[in-house]
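Residue numbering restarts at 1 for every chain, and letters A, B, ... go by the order of the sequence lines.
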Amino acid sequence: MADTAASSTAEAPSPQETKKAADVENNGPEEPSASLISASEIDIGSLTIDEDKNINKFLHEPEDSIIEAVTSGDTPYTSAFTFEELNLSPELLKGLYVEMKFEKPSKIQAISLPMILNPPYKDLIAQAHNGSGKTTCFTLGMLSRVDPKLKAPQAFCICPTRELAIQNVDVLRKMGKHTGITSECAIRSDGSNRNNIYNRPPITAQVVIGTPGTILKWMSCKKLSVSFVKILVFDEADHMLLEEGFKDDSLRIMKDIQRRSSHCQVLLFSATFDDIVKNFISKIVKGDHIRLFVKKEELSLDSVKQYKVNVPDELSKVMVIKDRIFEFGERLGQAIIFVRTRNSATTLHQSLTDLGYDCTTIQGGLSEEDRDKIVKEFKDGLTQVLISTDLLARGFDQQQVNLVINYDLPVKHDRSEPNCEVYLHRIGRAGRFGRKGAVFNLLCGDADVTIMSKIEDHFGMEVTEVPNWRDEDGFKAALGSAGLL
DNA sequence: AAAAAAT
């Protein structure tokens with residue numbers, strides 16, 4: 001199957017246009033604007049997959065799409081059914097067709113690209129399913145809005161991890177191969193003198209993609225100009241704007257750009273925006289903007305089968321992974337096993353290695369060099385099983401991954417509540433672009449059972465239970481039903 | 001009894 005991002009399905013309901021009055025409050029004395037905010041909130045719940053036929057139709061049947069037009073304020077936009085309709089440069093179209101091997105815009109692309117690429121360049125908050133092509137949306141946005149003649153940073157993309165920044169730079173360079181647009185990855189360097197920002201000339205790359213700390217550092221030492229920035233992207237925006245440690249940096253970058261550069265378009269992309277973030281974001285993005293949201297009940301991917309299995313202890317977790325899931329693994333592609341802590345990653349790695357099972361591990365405690373190497377080996381297909389903390393929970397795109405194992409369930413800090421957003425991001429590592437996949441949740445104890453059921457409630461779905469962890473047939477049935485046997 | 005970025 002070609003790596004095709006295509007358009008939408010027929011049975012889905014039309015996106016509803018709802019115009020909302022300002023739900024943004026005046027931010028205080030220093031922000032006297034209070035101008036009426038007009039924001040269109042567009043429900044793209046129709047992005048859901050056709051349940052009866054159980055196939056991801058919108059990837060293959062672009063001509064059936066019923067999304068025709070959505071409007072924001074007084075500006076009408078028409079969805080794009082082909083990339084040609086978007087007035088992209090021939091060089092960029094060549095990148096899409098030849099380098100990326102795309103054929104048609106996916107649903108989120110069809111809806112959002114006309115809004116991103118055309119005046120008046122409104123700010124956009126866009127939610128879409130995992131693996132549905134959000135990266136292409138903002139990458140095209142950055143590439144097509146950059147003035148090739150101006151050798152200065154004009155587009156920023158802020159990402160939560162160095163891995164995601166590297167991945168996004170790779171996509172941008174591939175997609176923009178024929179455009180001549182230059183890019184720079186702003187992530188913590190290896191510490192060598194040559195790469196030290198103080199020893200480098202000012203950045204002239206037209207697109208800068210990186211992590212917030214490094215971008216801020218480059219800005220504060222005056223090596224990274226924001227004067228010409230006209231498009232600012234936050235990948236995994238809910239995370240970047242809510243998490244302590246990210247939030248302040250993200251807002252500082254945004255404010256600095258808005259102070260020095262006029263009319264900077266802000267794009268916020270993620271598969272998850274909980275209500276807290278939604279409310280917070282409307283205070284950040286002021287003025288006329290567009291919001292595209294998906295109902296949480298429709299977010300989980302039907303192409304990825306989810307399972308849960310009760311196990312008595314840690315040893316049985318390892319045995320389930322090795323003797324039940326991997327044992328029948330001829331059709332398995334690559335697998336990611338998520339753990340809660342760095343320490344858990346290390347011990348699980350030890351267990352699997354002791355049992356003679358090859359795997360690699362990535363977590364934030366490793367050196368930059370090791371992290372880059374582990375990810376490269378996995379992306380090159382040299383390793384099959386990767387143990388990871390939530391470092392890789394978001395955005396990591398490796399199409400050969402069709403198995404995700406939650407060795408530890410994703411929980412919030414106090415561990416009594418599930419982290420539903422992280423759950424959704426984790427399972428989204430399997431089933432990229434509508435591919436098949438399986439997720440196994442290993443539940444150990446009553447607390448895990450409770451957390452699992454809260455996750456099921458949150459997304460309004462039921463996760464199939466594998467009745468007995470010792471029973472091989474249960475796992476064979478599960479893997480078979482997920483298409484991995 | 002946390003992961004992430006970076007100082």
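Note on A:G245: a base of the nucleic acid sits closer than 4.0 angstrom, heavy atoms only. Nucleic acid contact class of A:P212 (heavy atoms, under 4.0 Å, all strands): none. Nucleic acid contact for A:E236: none, since no nucleic acid atom lies under 4.0 Å from a heavy atom of the residue.
Looking only at atom types and distance, the side chain of A:E314 has a donor-acceptor partner in the side chain of A:Y407 under 3.5 Å away. A donor atom on one side chain and an acceptor atom on the other are found under 3.5 Å apart for A:R435 and A:Q399. Defined by atom type and a distance below 3.5 Å, a donor-acceptor pair is missing between the side-chain atoms of A:K134 and A:Q127. Between the side chains of A:R188 and A:T211, no donor-acceptor pair is found at a separation under 3.5 Å. When only modelled atom types and interatomic distance are considered, A:R429 and A:N130 share a side-chain donor-acceptor pair under 3.5 Å.
Per the geometry, CG belonging to A:D235 stands 17 Å off P belonging to B:dA4, to the nearest Å. Between A:I187 atom CD1 and B:dA4 atom P the separation is 15 Å, expressed in whole Å. With rounding to whole Å, A:D249 atom CG is found 19 Å from B:dA3 atom P. Per the geometry, CG belonging to A:L366 stands 12 Å off P belonging to B:dA3, to the nearest Å. Atom CG in A:N343 sits roughly 11 Å away from atom C1' in B:dA1 (whole-Å rounding). Here the C1' atom of nucleotide B:dA3 and the CD atom of A:E163 are 12 Å apart, to the nearest Å. In this structure, A:N196 atom CG and B:dT7 atom P are separated by 10 Å, rounded to whole Å. Between the CD1 atom of A:I166 and the C1' atom of B:dA4 there is a distance of 15 Å, rounded to whole Å.
Residue A:E243 places a side-chain atom within donor-acceptor reach of the base of B:dA3, judged by atom type and a 3.5 Å distance cut-off alone. Between the side chain of A:R188 and the base of B:dA5, no donor-acceptor pair of N or O atoms lies under 3.5 Å.
Contact annotation: A:R371 side-chain N/O to B:dA5 OP1/OP2 distance is under 4.0 Å. Between A:T211 and B:dA4, a side-chain N or O to OP1/OP2 separation shorter than 4.0 Å is absent. The phosphate of B:dA4 has OP1 or OP2 within less than 4.0 Å of a side-chain N or O from A:R342.
Relative to the six-membered ring of A:Y121, A:K230 misses at least one condition, a distance below 6.0 Å or an angle of at most 45° to the axis.
The listed nucleotides are B:dA3, B:dA1, B:dA5; the one nearest the side chain of A:R162 is B:dA5. Of the candidate nucleotides B:dA2, B:dA1, B:dA5, B:dA5 has the atom nearest to the side chain of A:F246. Among B:dA4, B:dA5, B:dT7, the nucleotide with an atom closest to any side-chain atom of A:K217 is B:dT7.
Stacking here means ring centres nearer than 5.5 Å and ring planes tilted less than 30 degrees, and by that measure A:H239 does not stack onto B:dA4.
Nearer the 5' end of DNA chain B, as judged by each residue's closest nucleotide, is the contact made by A:T341, out of A:E368 and A:T341.
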